[in-house]
Amino acid sequence: MSVSQRRHRGLVAATVTATLALLLSGCGVSIPSDPDGTLETVRGGELRVGVSPDPPLVEDAEDRPSGSVVDLVDDFASSLDADTDWTVATEETLVRMMEEGDLDLIAGGITSDTPWLDRAGVTRGYTGIDGADGREIVMLVPLGENAFLSALERFLDEEAGT
């Protein structure tokens with residue numbers, strides 16, 4: 001392929017990309033987006049969170065879980081003007097519940113080498129969470145819910161650092 005042909009292809013690709021971006025913005029599509037609308041559903045409503053005990057990050061108590069991750073998630077919910085509904089179970093049960101649409105977020109002592117990468121969206125790893133003891137803690141969200149994931153990561157960046 002000649003230099004002229006490569007330039008022409010590059011120009012065509014750039015034009016198509018710019019046109020597509022304009023069309024999408026005209027349709028009210030925002031990026032990142034949530035195909036299932038998690039962020040919009042949670043905002044002003046309820047954040048359904050699953051946790052597995054991992055003291056001191058998450059401790060199971062009779063009325064509701066406690067710990068540094070629980071406090072962090074409660075603060076995230078507050079930032080969205082949402083109430084928090086807690087479910088305590090094993091990670092496997094929680095991931096299944098999220099796949100079935102019963103949870104918006106899974107939090108706790110989940111690390112960046114989580115086996116759930118193919119079944120959930122995963123935040124960046126955070127070492128600044130109290131009680132993490134140097135582990136890179138991640139949180140799980142439903143697959144494809146990118147606006148929700150972005151909002152969570154922006155919050156975690158401010159509160160827990162990277």
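Residues: numbered from 1 along the sequence shown.
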Least distance between heavy atoms, [X] atom then [Y] atom:
| X | Y | value |
| --- | --- | --- |
| L72 | A160 | CD2-CB, 4.4 Å |
| G131 | P56 | CA-CG, 3.7 Å |
| A82 | V42 | CB-O, 3.3 Å |
| F155 | F76 | CZ-N, 3.4 Å |
| A151 | L39 | CB-CD1, 4.0 Å |

Linking I/L/V/M/F/W/Y whenever their side-chain heavy atoms sit closer than 4.5 Å, directly or via other members, would [X] and [Y] fall into one cluster?
| X | Y | answer |
| --- | --- | --- |
| L140 | L105 | no |
| M98 | W116 | yes |
| I137 | V122 | no |

Exercise. Any chance you could lay out the side-chain contact (heavy atoms from CB on, under 4.5 Å) test for D130 and V69, step after step, and finish with the verdict?
Key: CA-CA 8 Å; D130 288 341; V69 166; over 6 Å; no
Self-check item: For R119, all residues meeting salt bridge (Lys or Arg N to Asp or Glu O under 4.0 Å), sequence neighbours excluded
Solution: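 Expected list: E99.
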Quiz prompt | Set of residues satisfying salt bridge (Lys or Arg N to Asp or Glu O under 4.0 Å) with respect to E100, sequence neighbours excluded | solution =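 Counting only residues at least two positions away or on another chain, E100 forms a salt bridge (Lys or Arg N to Asp or Glu O under 4.0 Å) with R96.
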Practice problem: Output all residues satisfying side-chain contact (heavy atoms from CB on, under 4.5 Å) with A61, sequence neighbours left out; order by chain, then residue number. | Solution: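 A61 satisfies side-chain contact (heavy atoms from CB on, under 4.5 Å) with D63 once adjacent residues are dropped.
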Practice problem: Go through the structure and list residues passing side-chain contact (heavy atoms from CB on, under 4.5 Å) with T123, not counting sequence neighbours. | Solution: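 In terms of side-chain contact (heavy atoms from CB on, under 4.5 Å), with neighbours along the sequence ignored, T123 is linked to Y126, V138, M139, L149, L152, E153, L156.
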Quiz item: Does some side-chain heavy atom of R43 sit less than 4.5 Å from a side-chain heavy atom of L80?
Solution: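 SC-SC contact between L80 and R43 confirmed.
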Exercise. Flag the pair E91 / I110 as yes when at least one side-chain heavy-atom distance between them is below 4.5 Å, and no otherwise.
Key: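 Heavy-atom side-chain distance check passes, below 4.5 Å.
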Exercise. Please check if any side-chain donor atom of D74 sits under 3.5 Å from a side-chain acceptor atom of T84, or the reverse.
Key: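 A donor-acceptor contact under 3.5 Å links the two side chains.
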Quiz item: How about T41 and T38: does a side-chain donor come under 3.5 Å of a side-chain acceptor?
Solution: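 Their side chains do not contain a donor-acceptor pair, so the 3.5 Å distance test is not met.
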Self-check item: With E59 via side-chain hydrogen bond (donor to acceptor under 3.5 Å, both in side chains) - residues at least two apart
Solution: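 In terms of side-chain hydrogen bond (donor to acceptor under 3.5 Å, both in side chains), with neighbours along the sequence ignored, E59 is linked to no residue.
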Practice problem: Could I get the full list of side-chain hydrogen bond (donor to acceptor under 3.5 Å, both in side chains) partners for D54, not counting sequence neighbours? | Solution: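 Testing D54 for side-chain hydrogen bond (donor to acceptor under 3.5 Å, both in side chains), a comparison that skips the adjacent residues, returns R135.
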Self-check item: N-O pairing of D85 and R48 below 4.0 Å
Solution: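 Between R48 and D85 there is no salt bridge, as every charged N stays at least 4.0 Å from the carboxylate O atoms.
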Exercise. Could you tell me whether the side chain of S78 and the main chain of D81 form a donor-acceptor pair under 3.5 Å?
Key: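 No; judged by distance alone, with no hydrogens or angles, the pair does not exist.
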Exercise. Find the distance between CD (E40) and OG (S33) and round it off to the nearest 0.5 Å.
Key: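 The CD atom of E40 sits 11.5 Å away from the OG atom of S33.
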Exercise. Just do the side-chain contact (heavy atoms from CB on, under 4.5 Å) check on S52 and V88 with the steps written out, would you?
Key: CA-CA 6 Å; S52 286; V88 179; over 6 Å; no
Practice problem: Report the C-alpha distance between I106 and L103 in whole Å, list the side-chain angles of each, state the deciding distance to 0.1 Å, and finish with yes or no for side-chain contact (heavy atoms from CB on, under 4.5 Å). | Solution: CA-CA 7 Å; I106 300 172; L103 294 175; 4.3 Å; yes
Practice problem: Let me know which of V49, L57, V58 forms a side chain to side chain contact (heavy atoms under 4.5 Å, CB included) with V70. | Solution: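 Considering V49, L57, V58, a side chain to side chain contact (heavy atoms under 4.5 Å, CB included) with V70 is found only for V58.
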Practice problem: Quick one: do W86 and V51 satisfy side-chain contact (heavy atoms from CB on, under 4.5 Å)? Show the steps, please. | Solution: CA-CA 7 Å; W86 296 98; V51 292; 3.6 Å; yes
